[in-house]
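Only one structure is covered here, and it is reproduced in the block below.
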Amino acid sequence: MKVVHYPHPALVHATRPVPRIDKDLRIQVGQMIETMYEAKGLGLAANQVALPYQLLVCNISGDPNQKDQEEVYINPVIVDRKGIQEDEEGCLSFPGLFQKVRRAKTVKVQAYNMQGEAVEITAHDLAARCWQHEIDHLNGIMFIAKMGPIARLASRGSLKAFEQEFRDAQKRGEIPPDADLEKMRQALEEGLNGHH
Ligand code: ZN
């Protein structure tokens with residue numbers, strides 16, 4: 001499992017609700033958690049590994065030994081936001097790019113856990129930032145869309161470099177062409193509604 005980088009098309013498509021928790025999903029969640037730790041991230045949305053599912057994993061400690069901090073949520077929705085915080089934010093799909101992003105200080109999230117139980121979580125500060133960042137991903141929204149004008153301007157060079165790198169990797173055949181990536185996404189979406 002690999003984290004896809006901007007401008008991979010998986011990052012701009014809203015993901016689909018997960019209809020059931022089965023063995024395949026458990027395996028994918030385990031791989032996502034491993035991938036998140038390897039990349040030294042605090043959170044990972046399923047479409048960042050090209051899975052078009054409403055699914056995220058996070059551990060704001062970033063420490064694989066702190067299992068009690070590990071969280072996996074399915075079909076998460078932000079139902080309430082309070083306050084404002086501005087801080088530096090990064091993204092595993094934009095390695096090395098950090099910019100100030102304004103977020104709500106507190107969010108209330110409704111989701112399902114891996115046992116299929118409905119849960120409601122209130123998170124503050126860094127945890128709230130992580131939730132907002134990952135849930136944005138699931139809706140096809142990247143953090144560059146949430147930057148203010150100064151941060152956006154300061155990111156222009158990095159974004160051009162990411163775009164160039166991605167297109168070059170496609171030319172070398174290391175990443176399939178966009179049309180093939182699109183077909184793969186559609187096949188995975190259809191697989192959600194079929195039987196395993
Ligand atoms: Zn991200």
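In what follows, residues are counted from 1 in the order of the sequence shown. Counting starts at 1 for both ligands and their atoms, following the listed order.
Residues that satisfy the ring pair (Phe, Tyr, Trp, His ring centres under 6.0 Å) test with His8, not counting sequence neighbours, are Phe166. Remark: Asp180 pairs with no residue by the side-chain hydrogen bond (donor to acceptor under 3.5 Å, both in side chains) rule, at least two apart or across chains.
Counting Ile, Leu, Val, Met, Phe, Trp and Tyr side chains that sit under 4.5 Å apart, directly or through other members, Phe162 shares a hydrophobic cluster with Val4, Tyr6, Leu11, Val12, Phe94, Leu97, Val101, Met142, Phe143, Ile144, Met147, Leu159.
Here the protein contributes Cys91 SG, His133 NE2, His137 NE2 as N, O or S atoms under 2.8 Å from the Zn ion (ligand 1).
Lys146 has no carboxylate O lying under 4.0 Å from a charged side-chain N of Glu89, or vice versa, which leaves the two without a salt bridge. Look at Glu86 and Lys100 and you find no salt bridge, because none of the NZ, NE, NH1 or NH2 atoms lies under 4.0 Å from a carboxylate O.
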Do Asp125 and Lys105 pass the salt bridge (charged side-chain N to carboxylate O under 4.0 Å, His left out) test, and can you show the C-alpha distance, the side-chain angles, and the key distance before you say yes or no? CA-CA 5 Å; Asp125 303 312; Lys105 190 171 169 57; 2.5 Å; yes
